[in-house]
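Computed from heavy atoms alone, side chains included, the values below leave out hydrogens, waters and symmetry copies. All ligand and atom numbering here is 1-based and tracks the order in the structure. Along the sequence shown, residues carry numbers from 1.
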Amino acid sequence: MGLFGKTIAELSDTAARFGLRPYGARQIAHWLYAKHVNRIEEMTNLPRRVREAMVAQYGDDVGRREPIARQASCDGTLKYLFPVLDEWCVESAVIPDGERQTLCLSTQAGCRRACRFCMTGRLGFHGNLTPDGILNQYASLPERDGITNIVFMGMGEPLDNIEAVLRSLEIFTADYGYAMSPTRLTVSTVGILPALERLISETRCHIALSVHSPFSEERKRLVPAEAAYPVANAIETLRRARIGGQRRIMIEYTPFEGLNDTSAHAKALARLLRGLRCRINLIPFNSVPGIPLRGSDRPRIEAFQAELRRHGFMATIRKSKGADIAAACGLLHNIHPPDRDGEDRCNVRMEPARGFEPRTH
Ligand code: SAH
């Protein structure tokens with residue numbers, strides 16, 4: 001690993017090893033995260049002999065990687081393919097929405113949680129990104145300076161890679177790093193404990209919890225992680241944390257036709273969430289080829305939303321973006337570098353599924 005992605009504590013060790021004074025770590029961090037340099041040689045306020053010694057150890061490159069492919073959706077969403085972990089790639093999406101521009105980034109190549117309706121889940125798990133691999137999806141993004149929000153909702157279960165996720169959050173928010181407000185960052189999870197407790201206590205970022213059913217047996221079929229990590233425990237943990245002020249909790253719920261979209265489900269969900277200050281975000285299902293689930297239609301989703309509102313919850317419906325380039329929720333699936341001839345060598349074939357309607361506006 002190069003210098004990029006190191007926290008201030010790690011850079012302090014590096015600085016000491018190269019005989020720099022303690023503020024040397026801050027100088028390096030400033031070059032890496034405020035000045036966005038790519039090469040050690042550009043860190044011109046470090047003594048030349050120190051730069052040369054660092055180059056001898058790390059190579060001149062700080063460790064950032066340019067994206068190797070890009071796709072643009074007709075709705076303005078962009079999808080990038082970034083190389084990670086030598087042999088793999090991950091996808092990130094940039095989603096414009098009025099004044100906001102959200103970056104959706106990945107934390108793992110593939111995922112081991114195998115949610116039934118998620119394309120990443122079908123890939124299996126291939127590796128945890130290191131902090132630099134997570135941060136690079138922001139740092140090397142052409143739209144970087146226009147990004148207003150970052151959501152950890154791309155490929156992978158962030159809490160299965162908690163160490164790297166916490167380090168990247170430190171660098172995103174620290175004054176020596178990108179100095180972003182934690183209210184611009186959201187981490188989404190199926191509810192892995194005790195990693196969730198660390199996310200609550202060691203960061204101040206927003207938390208999104210993928211619930212999808214208030215009934216344990218049914219949730220197990222949709223989100224197999226329920227068997228080991230019942231969502232009721234995650235909700236109880238969040239409730240006890242008394243999260244308030246600027247910090248928000250978002251509950252994610254995808255209504256499927258005739259499955260989890262009934263009035264009984266809305267009532268049970270409201271009961272499960274009682275006493276938790278949260279917003280419920282209904283995510284219309286993005287069809288996945290070969291998966292025999294159908295998303296509820298719009299009137300049905302609106303009825304579900306209305307029922308939740310009657311129980312006093314704030315409930316919104318997420319605008320689906322980027323489905324035509326498989327950049328929408330649950331559709332990220334490329335983990336292989338493209339072939340030399342430019343062909344997309346993805347191991348899940350994208351074919352139009354029933355009910356798959358690319359948005360044209
Ligand atoms: N592993 C994390 C983050 C990635 S997914 C998590 O599960 O929370 C981000 C959100 O997209 C989750 O709420 C997930 O359940 C949802 N999602 C997955 N596949 C989807 C699909 N095909 N259509 C709509 N939402 C989907």
Report task. Considering the heavy atoms of Phe285, write down every atom of ligand 1 situated less than 4.0 Å from one of them. Result -> 21 (C), 22 (N), 23 (N), 24 (C)

Requested in this report: Hey, could you give me the CG/CG distance between Leu135 and Leu105, rounded to the nearest 0.5 Å?
Outcome: 8.5 Å

Query raised in the report: What residue and heavy atom of the protein are closest to atom 25 (N) of ligand 1, and at what distance?
Result: Cys329 CB, 3.5 Å

Query raised in the report: Looking only at distance, does Gly156 have an N or O less than 3.5 Å from an N or O of ligand 1?
Result: yes

Query raised in the report: Is it true that Lys220 and Glu226 have a side-chain N and a carboxylate O under 4.0 angstrom from each other?
Result: no

Query raised in the report: How does Asn286 reach ligand 1, by side chain, by backbone, by both or by neither, if only non-hydrogen atoms under 4.0 Å count?
Result: both

Query - Ion pair Asp97/Lys319, N-O distance below 4.0 Å - result: yes

Report summary line: Filtering Met153, Arg113, Met119 for the heavy atom nearest atom 9 (C) of ligand 1 leaves Met153

Query raised in the report: For ligand 1, is there an atom lying under 4.0 Å from some heavy atom of Gly154?
Result: yes

**Report entry** Val288 neighbourhood, listing ligand 1 atoms whose heavy-atom distance to it stays under 4.0 Å
**Finding:** 22 (N)

Query - atom 10 (C) of ligand 1: nearest protein contact (heavy atom, Å) - result: Glu252 OE2, 3.7 Å

Query raised in the report: Is any NZ, NE, NH1 or NH2 atom of the basic residue among Arg113 and Glu157 found under 4.0 Å from an Asp or Glu carboxylate oxygen of the other?
Result: no

Requested in this report: Taking the six-membered ring for Trp and the full ring for Phe, Tyr or His, determine whether the centres of Phe285 and Phe117 are under 6.0 Å apart.
Outcome: no

Query raised in the report: Hey, are Arg298 and Glu302 close enough for a salt bridge, meaning a charged N less than 4.0 Å from a carboxylate O?
Result: yes

Query raised in the report: Can you check whether His336's main-chain N or O pairs, donor with acceptor, with Asn334's side chain at less than 3.5 Å?
Result: no

Query raised in the report: Is there any N or O on Pro158 that sits under 3.5 Å from an N or O of ligand 1?
Result: no

**Report entry** Whether over 12 other heavy atoms sit under 6.0 Å from Arg112 CZ
**Finding:** yes

Query raised in the report: Of all the heavy atoms in His212, does at least one lie under 4.0 Å from an atom in ligand 1?
Result: yes

**Report entry** For atom 17 (N) of ligand 1, the protein heavy atom that lies nearest, with its residue and separation
**Finding:** Phe117 CE1, 3.9 Å

**Report entry** Atom indices of ligand 1 within 4.0 angstrom of Ile283 heavy atoms, with elements
**Finding:** 13 (O), 24 (C), 25 (N)

Requested in this report: Report yes if the side chains of Arg65 and Ser140 come closer than 4.5 Å at any heavy-atom pair, otherwise no.
Outcome: no

Requested in this report: Record the part of Val223 in heavy-atom contact with ligand 1 below 4.0 Å; permitted values are side chain, backbone, both and neither.
Outcome: neither

**Report entry** Residue from Asn161, Asn128, Thr120 passing side-chain hydrogen bond (donor to acceptor under 3.5 Å, both in side chains) with Gln108
**Finding:** Asn128

Report task. Measure the distances from the heavy atoms of Ser320 to every atom of ligand 1 and state whether one is below 4.0 angstrom. Result -> no

Report summary line: Looking only at non-hydrogen atoms, the one of Cys104, Ser188, Ser106 nearest atom 2 (C) of ligand 1 is Ser188

Query raised in the report: Should the pair Arg51-Glu41 be classified as a salt bridge under the 4.0 Å nitrogen-to-oxygen rule?
Result: yes

**Report entry** Under-4.0 Å heavy-atom contact with ligand 1, by part of Glu157 that carries it
**Finding:** both

Requested in this report: Work out whether the distance between some heavy atom of Ala328 and some atom of ligand 1 is less than 4.0 Å.
Outcome: no

Requested in this report: Just go through Cys118, Pro284, Gly330, Ser210 and tell me whose heavy atom is the nearest to atom 24 (C) of ligand 1.
Outcome: Pro284

